[in-house]
Amino acid sequence: TTLDASAFYYKYKDYQAFVQLGVNQTIINLPATAYGLEVELNSHPTDRLTLQLGVSMLSSNVENIILPDTVTEVEHDMPQAPDFSGNAMARYEFPLGGNTASLQADVQYSDKFCFTVLCAPVEKESSYTVLNARVGYAADDGRWSAAVFGDNLTNEKYRVYAFDSSLFAGVVAGVYAKPRIWGVTGTWRFG
């Protein structure tokens with residue numbers, strides 16, 4: 001079993017941030033701070049079982065953000081910086097038919113966050129949880145492997161990008177993560 005932890009504190013004098021000044025998007029330097037803690041646990045309770053757990057706690061703040069009206073100043077968290085995020089994975093391997101079979105499940109959680117430093121209401125993303133699973137079979141010599149997998153099993157709807165350009169283009173850009181996906185993979189190593 002291994003446990004890794006790190007604490008950090010950053011104070012920026014010139015944090016580069018995109019801001020919308022009227023119809024112009026520009027980069028300006030702003031004061032900002034970020035501090036937090038990351039912890040990762042890896043364990044092998046038996047030869048066949050692997051467990052992993054990771055958590056991240058973050059507090060961030062960007063000051064003097066100028067809103068598109070070019071007058072109002074606000075402060076927000078850094079973009080794409082959730083206060084809490086975590087992940088966990090369990091993998092069990094066992095001999096089967098002279099080779100190795102495996103069962104694996106993992107989960108990822110993200111707290112709410114904003115996609116930009118301006119944090120317009122349409123750029124806010126709610127918290128979400130993504131669950132994945134995998135069943136595999138591999139040759140003991142590592143020459144070949146095959147697996148059936150399912151990603152985003154609960155079909156969680158969340159965005160991986162968003163930008164409010166309604167002020168000058170009349171639209172909000174947004175890219176959603178992949179929906180539930182099932183598939184089969186195979187690998188063959190030559191030589």
Side-chain angles (χ1 to χ4, degrees), residues 1-19 27-65 74-93 102-136 147 149-164 173-181 185:
T1 300
T2 60
L3 177 65
D4 296 314
S6 61
F8 55 90
Y9 176 83
Y10 296 106
K11 186 167 182 68
Y12 297 89
K13 179 180 171 187
D14 294 319
Y15 174 79
Q16 292 186 337
F18 284 97
V19 294
I27 298 175
I28 62 174
N29 295 327
L30 300 172
T33 56
Y35 59 90
L37 175 68
E38 294 179 347
V39 179
E40 186 176 291
L41 174 68
N42 292 291
S43 179
H44 298 278
T46 69
D47 289 343
R48 297 179 182 175
L49 180 62
T50 301
L51 301 174
Q52 294 177 340
L53 177 66
V55 295
S56 174
M57 291 162 278
L58 175 65
S59 180
S60 66
N61 187 49
V62 181
E63 302 173 29
N64 307 333
I65 303 164
V74 296
E75 53 185 67
H76 287 294
D77 291 344
M78 288 180 172
Q80 300 184 47
D83 291 343
F84 179 82
S85 60
N87 61 76
M89 188 273 297
R91 180 179 175 87
Y92 185 73
E93 296 179 333
S102 61
L103 304 172
Q104 178 176 314
D106 65 84
V107 62
Q108 301 159 14
Y109 171 81
S110 175
D111 206 352
K112 61 185 179 181
F113 62 88
C114 284
F115 283 101
T116 73
V117 75
L118 293 174
C119 199
V122 293
E123 295 172 335
K124 294 179 180 180
E125 188 65 23
S126 299
S127 61
Y128 59 86
T129 303
V130 179
L131 177 65
N132 307 307
R134 181 180 186 90
V135 176
F149 68 90
D151 290 343
N152 193 4
L153 294 176
T154 59
N155 205 27
E156 186 83 9
K157 291 175 178 59
Y158 64 100
R159 294 175 298 173
V160 294
Y161 175 77
F163 176 69
D164 181 9
V175 177
Y176 280 83
K178 293 178 189 175
R180 180 186 303 121
I181 294 175
T185 64

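Everything quoted here is computed from the prediction, not taken from an experiment. Numbers for residues simply follow the sequence, beginning at 1.
- Here the side chains of Leu118 and Asp164 are not in contact, with every heavy-atom distance at 4.5 Å or above.
- Screening residues 4-13 for salt bridge (charged side-chain N to carboxylate O under 4.0 Å, His left out) gives no qualifying pairs among residues at least two apart or on separate chains.
- Remark: Lys124 engages Cys114, Cys119 in a side chain to side chain contact (heavy atoms under 4.5 Å, CB included) (not counting sequence neighbours).
- Distance alone, capped at 3.5 Å, places no donor-acceptor pair between the Asp83 side chain and the Met57 backbone.
- By the side chain to side chain contact (heavy atoms under 4.5 Å, CB included) test, Ser102 pairs with Arg91, Glu93, sequence neighbours left out.
- With sequence neighbours excluded, the residues satisfying side chain to side chain contact (heavy atoms under 4.5 Å, CB included) with Leu30 are Ala17, Ile28, Val62, Asn64, Ile65.
- Side-chain contact between Gln16 and Asp14 is absent, with no heavy atoms from C-beta onward closer than 4.5 Å.
- Here the straight-line distance linking atom CD of Gln52 with atom CE of Met89 works out to 3.5 Å at 0.5 Å rounding.
- Residues Ile181 and Lys178 share a closest heavy-atom pair of CD1-CD, 3.3 Å.
- For Arg180, the salt bridge (charged side-chain N to carboxylate O under 4.0 Å, His left out) test picks out no residue, with sequence neighbours left out.
- With sequence neighbours left out, the ring pair (Phe, Tyr, Trp, His ring centres under 6.0 Å) criterion links Phe149 to no other residue.
- In this structure, the separation between CZ on Phe8 and OH on Tyr35 is 10.5 Å, given to the nearest 0.5 Å.
- Minimum interatomic distance between Thr33 and Met78 (heavy atoms only, all atoms of both residues): O-CE, 4.0 Å.
- Evaluation of the salt bridge (charged side-chain N to carboxylate O under 4.0 Å, His left out) test over residues 32-53, restricted to residues two or more places apart or in two chains, returns none.
- Residue pairs meeting the side-chain hydrogen bond (donor to acceptor under 3.5 Å, both in side chains) criterion with at least one partner in residues 108-121, sequence neighbours excluded, are Thr116-Glu123.
- Rounding to the nearest 0.5 Å places CD of Gln80 at 11.5 Å from OG of Ser60.
- Shown here for Ala177 and Val160, the closest heavy-atom pair between the two residues is CB-CG1, 3.8 Å.
- Applying the 6.0 Å contact sphere to OH of Tyr10 captures no more than 12 heavy atoms from other residues, nucleotides or ligands.
- Partners of Tyr158 by ring pair (Phe, Tyr, Trp, His ring centres under 6.0 Å), not counting sequence neighbours, listed by chain and number: Tyr128.
- Applying the side chain to side chain contact (heavy atoms under 4.5 Å, CB included) test to Pro45 and every residue at least two apart in sequence or in another chain returns Ser43, Leu49, Leu51.
- Evaluation of the ring pair (Phe, Tyr, Trp, His ring centres under 6.0 Å) rule for Tyr9 yields no partner, not counting sequence neighbours.
- The side-chain heavy atoms of Thr1 and Leu41, taken from C-beta on, include a pair separated by under 4.5 Å.
- Between the OH atom of Tyr92 and the OG1 atom of Thr46 there is a distance of 6.0 Å, given to the nearest 0.5 Å.
- Distance check, rounded to the nearest 0.5 Å: CG of Asp151 to CG of Asn132 gives 4.5 Å.
- Nearest heavy-atom pair, Val117 versus Phe18, reported as atom, atom and distance to 0.1 Å: CG1-O, 3.2 Å.
- Separation of atoms CZ (Phe115) and CZ (Arg159) is listed at 5.5 Å; rounding is to 0.5 Å.
- For Tyr176, there are no ring pair (Phe, Tyr, Trp, His ring centres under 6.0 Å) partners, not counting sequence neighbours.
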